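In this text, all values refer to a predicted model and were calculated from it rather than measured experimentally. Letters A, B, ... mirror the listed sequences (proteins, then strands); counts begin at 1.
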Amino acid sequence: KNQVEQSPQSLIILEGKNCTLQCNYTVSPFSNLRWYKQDTGRGPVSLTIMTFSENTKSNGRYTATLDADTKQSSLHITASQLSDSASYICVVSPITGGFKTIFGAGTRLFVKA
Amino acid sequence: GEEVAQTPKHLVRGEGQKAKLYCAPIKGHSYVFWYQQVLKNEFKFLISFQNENVFDETGMPKERFSAKCLPNSPCSLEIQATKLEDSAVYFCASSHYRTAGTGELFFGEGSRLTVL
């Protein structure tokens with residue numbers, strides 16, 4: 001069983017709408033949780049980072065939340081744009097493990113005009 | 001440089017041939033990581049380096065995969081006798097020593113390996 005699971009696998013929304021992507025993790029303890037955006041044919045780029053003690057972090061139209069009790073994180077995108085079409089990957093860094101990071105499989109978001 | 005530079009962008013090999021990929025980390029970054037992404041799915045960790053020293057190689061299929069980071073040279077990932085299942089995008093990422101522990105990875109654009 002993967003230690004970081006994301007849902008949905010893919011999502012189609014209309015431009016201007018909001019959406020929320022989910023990440024459930026079992027990695028524990030962890031030092032931080034990041035959300036990355038991966039455009040097609042590109043490498044992932046970090047959007048947000050939260051330590052285990054933080055609840056929310058924003059980066060423009062992206063807001064990530066973290067609930068350490070339920071071991072869930074979400075990424076909320078407001079007023080979506082066509083350029084938001086990408087894969088969004090949840091990545092957890094265990095406290096032990098030599099800087100190894102554990103990747104979710106990602107959610108593929110399609111924003112349509 | 002300011003970005004992680006990976007070459008080549010695309011590589012096609014016949015089964016059994018050798019493949020070699022290169023990665024130049026961001027200047028000043030002392031950690032280099034190699035990941036394999038198959039069919040746009042999860043990133044599989046292969047190996048990491050701290051400068052020219054292997055830091056963690058627990059993900060490496062050691063029979064056919066090898067990697068190096070030598071001073072004043074791009075890092076390399078080499079696959080001997082490629083197999084069909086090696087077809088993937090290989091990503092290199094680098095981190096500064098101050099933030100490597102936070103999982104802050106700066107990725108290159110990847111090298112797509114196709115084994116026929």
Side-chain angles (χ1 to χ4, degrees), chain A residues 1-7 9-10 23-25 27 29-54 57 59 64 66 73 85-110, chain B residues 2-10 21 23-26 29-51 53-60 88-112:
Chain A
K1 190 180 188 314
N2 192 5
Q3 299 180 70
V4 178
E5 297 209 337
Q6 293 187 241
S7 61
Q9 271 193 336
S10 62
C23 173
N24 294 340
Y25 61 90
V27 180
F30 70 94
S31 61
N32 60 78
L33 184 149
R34 286 183 185 265
W35 283 90
Y36 281 83
K37 178 186 179 190
Q38 184 180 18
D39 290 311
T40 300
R42 309 294 297 271
V45 174
S46 181
L47 289 175
T48 62
I49 175 175
M50 288 180 291
T51 65
F52 65 92
S53 60
E54 291 181 294
K57 187 67 69 78
N59 177 4
L66 176 62
S73 176
S85 295
S87 286
Y88 292 84
I89 306 170
C90 176
V91 182
V92 182
S93 298
I95 284 180
T96 58
F99 300 167
K100 196 175 296 178
T101 48
I102 301 174
F103 288 71
T107 291
R108 189 78 176 93
L109 175 66
F110 299 89
Chain B
E2 297 291 324
E3 295 180 337
V4 175
Q6 289 190 247
T7 56
K9 273 184 130 34
H10 302 278
L21 311 174
C23 167
I26 291 173
H29 283 192
S30 50
Y31 287 90
V32 171
F33 303 79
W34 284 99
Y35 290 89
Q36 179 194 57
Q37 187 183 35
V38 178
L39 294 175
K40 296 186 181 180
N41 285 336
E42 294 165 32
F43 283 73
K44 182 192 171 200
F45 169 78
L46 295 176
I47 190 169
S48 60
F49 288 84
Q50 182 182 13
N51 297 312
N53 303 307
V54 175
F55 188 70
D56 181 349
E57 57 181 348
T58 52
M60 281 287 267
V89 181
Y90 291 84
F91 284 97
C92 173
S94 70
S95 283
H96 192 276
Y97 76 93
R98 286 203 184 105
T99 53
T102 70
E104 182 174 45
L105 301 167
F106 292 85
F107 284 85
E109 298 208 343
S111 291
R112 178 178 294 280

For B:Phe43, which residues count as a ring-ring contact (aromatic ring centres under 6.0 Å, His included) partner, sequence neighbours excluded? A:Phe103, B:Phe91, B:Phe107
At a heavy-atom separation under 4.5 Å, does A:Leu33 approach chain B through its side chain, its backbone, both, or neither? neither
Name all residues meeting the ring-ring contact (aromatic ring centres under 6.0 Å, His included) criterion together with A:Phe30; count only those two or more places apart in sequence or in a different chain, and write none if there are none. A:Tyr25
Out of A:Asn32, A:Thr101, A:Val92, A:Ile49, return the one with the most heavy atom pairs under 4.5 angstrom to chain B. A:Asn32
By a 4.5 Å heavy-atom criterion (distance strictly below it), what part of B:Tyr35 contacts chain A: side chain, backbone, both, or neither? side chain
Quick check on the interface: out of A:Pro44, A:Gly106, A:Gly41, who has the most heavy-atom pairs with chain B under 4.5 Å? A:Pro44
Whatever's closer than 4.5 Å to a heavy atom in chain B on A:Ser31 counts as side chain
Got A:Ile102 and B:Phe45 here, is their nearest side-chain heavy-atom distance under 4.5 Å? no
Which bit of A:Arg34 comes within less than 4.5 Å of chain B, counting heavy atoms only: side chain, backbone, both or neither? side chain
Honestly, the part of B:Glu104 sitting under 4.5 Å from a heavy atom of chain A is both
